[in-house]
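Okay, structure first, notes after.
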Amino acid sequence: MRAAVLGAGAWGTTFAAVLADAGCTVTVWGRDAEVCRQITDEHRNPAYLPGVELPGTIQATTDARAALAGADVVAVAIPSQSARATLEPLADALAPHAVVVSLMKGVELSTDQRMSQVVAQSLGIDDSRVAVVSGPNLAKEIAQRQPTATVVASTSDETARLVARACASSYFRPYTNDDVVGVELCGAVKNVIALAVGISQGRGLGYNTMATVITRGLVEITRLGLALGADAETFPGLAGMGDLMATCASPDSRNHTLGGHIGRGMSLDEAVAATGGTAEGVKSSRSVLELAQRLGVDMPITAAVVRVLYEGLPVDDLAPLLLARPRKAEGV
């Protein structure tokens, strides 16, 4: 199977390695010519995956159309807010039979659309040709071939199975799922919850606070998902609680790291610069909150994160704001 990966960052390069280890012929597209040269010639990407040796069969190019030529599977691992602008000019370069895999975790600003919707619209393809991969998938650990599982979701069982076959290996175990809405919302909102955890830990708060934010964060994710018709069984699974735990607890999570910088007193711009890479929760927090407000869904943690990042709420007011909410039964 021939695969293309759009995006030469940490997750795109890691997924390219997963596909190569699963037996695919893989070409990565990236904007940086030096990064592409290092992936092709030196089998490494030190800017994003220092110390990791990549499969020698992976090729990389700055020519997106060359990467897409003849690809059976196209994985998209670019910042969510630039996805539409990047993909629309490439619609005619996609093979008629190709399926597209969204590795992105976010909700588009101004449209409130999930990434699979953005992918389908931008490339002019039917939803049945789009899959989503999400789960406890920290790039650094997978690049080191540490075992993990993931979820491949699509409205088409055939598409989900094809993508699962393309990426299954001894260390990467995909499960299929037809709940695209639930899987994508879990991936988008868990980044916002990880920011809240990072902020609290940056202020020196401990594991009780972390557990509280994670648990109530899952409630927020579930509320929003159910309002959009998602399957309740998705949220305690790999794409829900699994991904939420990994992102909130790991020092390798960019969203957790950026939240920690905010908690220690950095401005948002300073925290973004210090974190490096893309912390999707920063921009997605606003679009997630807009979506929730439009649907009448209460998401206090998400709202508090937006206030800290964009409205000047002091970080010391974050925890009291959450705990000062009206008392009620836990399941409500």
Side-chain angles (χ1 to χ4, degrees), residues 2-9 11-13 15-16 19 26-32 36 60-134 151-156 158-160 162-163 166-167 178-189 191 228 239 277-288 290-291 294:
R2 173 163 167 67
V5 177
L6 301 181
W11 187 210
T13 305
F15 198 72
L19 291 166
V26 185
T27 302
V28 176
W29 168 75
R31 298 183 186 276
D32 190 310
C36 291
T61 177
T62 58
D63 185 340
R65 290 178 172 273
L68 290 173
D72 306 296
V73 174
V74 177
V76 183
I78 55 182
S80 61
Q81 303 307 325
S82 62
R84 189 180 296 274
T86 301
L87 294 176
E88 283 181 343
L90 300 174
D92 63 341
L94 193 69
H97 69 284
V99 300
V100 183
V101 185
S102 172
L103 304 178
M104 301 173 289
K105 296 181 178 180
V107 174
E108 188 178 45
L109 287 167
S110 76
T111 68
D112 295 339
Q113 289 190 331
R114 293 173 284 107
M115 288 298 102
S116 66
Q117 295 173 301
V118 173
V119 166
Q121 287 185 5
S122 300
L123 295 175
I125 59 176
D126 190 80
D127 291 345
S128 63
R129 291 174 60 190
V130 179
V132 175
V133 169
S134 192
V151 175
V152 177
S154 177
T155 58
S156 164
E158 181 181 357
T159 296
L162 185 150
V163 174
C167 66
D178 62 0
D179 182 19
V180 178
V181 174
V183 169
E184 281 197 288
L185 284 178
C186 287
V189 186
N191 287 328
L228 289 167
T278 302
E280 291 283 9
V282 172
K283 292 184 178 179
S284 289
S285 60
R286 290 184 295 176
S287 49
V288 167
E290 289 173 3
L291 179 60
R294 180 163 59 81

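Because only heavy atoms are used, hydrogens play no part in the values below, and waters and symmetry mates are left out as well, while side chains stay in.
Going from atom NZ of Lys283 over to atom CG of Asn191 covers 14.0 Å, rounded to the nearest 0.5 Å. The CG atom of Asp178 sits 12.5 Å away from the OG1 atom of Thr159 when rounded to the nearest 0.5 Å. In this structure, CZ on Arg65 lies 10.5 Å from CG on Leu94, to the nearest 0.5 angstrom.
Minimum interatomic distance between Val130 and Ile125 (heavy atoms only, all atoms of both residues): CG2-CD1, 3.7 Å. Across Ser134 and Ala239, no two heavy atoms sit closer than the pair O-CB, 4.2 Å. Nearest approach of Ser284 to Lys105, heavy atoms of both residues: OG-O, 4.2 Å. What you find for Cys167 and Leu19 is that their closest heavy atoms are CB-CD2, 4.1 Å. Of all heavy-atom pairs between Thr155 and Ser128, the closest is OG1-CA, 3.6 Å. Of all heavy-atom pairs spanning Glu108 and Ser287, the tightest one is O-CB, 3.9 Å.
The shortest distance between side-chain heavy atoms of Met104 and Val118 does not fall below 4.5 Å. Two residues are said to be in side-chain contact when any heavy atoms from C-beta on lie closer than 4.5 Å; Met115 and Val132 fail this criterion. A heavy-atom distance below 4.5 Å is found between the side chains of Gln121 and Arg84. Counting heavy atoms from C-beta outward, Ile78 and Trp29 have side chains that approach closer than 4.5 Å. Asp179 has its side chain within reach of Val181: a pair of non-hydrogen atoms, C-beta onward, lies under 4.5 Å apart. A 4.5 Å side-chain heavy-atom check between Leu6 and Leu90 finds at least one atom pair inside the cut-off. Side-chain contact between Ser154 and Arg129: absent, with no pair of heavy atoms (C-beta onward) separated by less than 4.5 Å.
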For the pair Val107 and Glu184, evaluate side-chain contact (heavy atoms from CB on, under 4.5 Å) and give the outcome as yes or no after the intermediate values.
-> CA-CA 9 Å; Val107 174; Glu184 281 197 288; over 6 Å; no
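Partner of Val5 under the side chain to side chain contact (heavy atoms under 4.5 Å, CB included) criterion, chosen from Val101, Val26, Val74: Val26.
For the 3.5 Å distance criterion, the side chains of Arg31 and Thr86 qualify, holding a donor opposite an acceptor.
The closest donor-acceptor contact from the side chain of Thr13 to the backbone of Ala8 lies under 3.5 Å. A donor-acceptor pair is defined here as one N or O able to donate and one able to accept, closer than 3.5 Å; such a pair exists between the side chain of Glu280 and the backbone of Ser80. The closest donor-acceptor contact from the side chain of Ser285 to the backbone of Val282 lies under 3.5 Å.
Other residues, nucleotides and ligands place more than 12 heavy atoms under 6.0 Å from the CD atom of Glu88.
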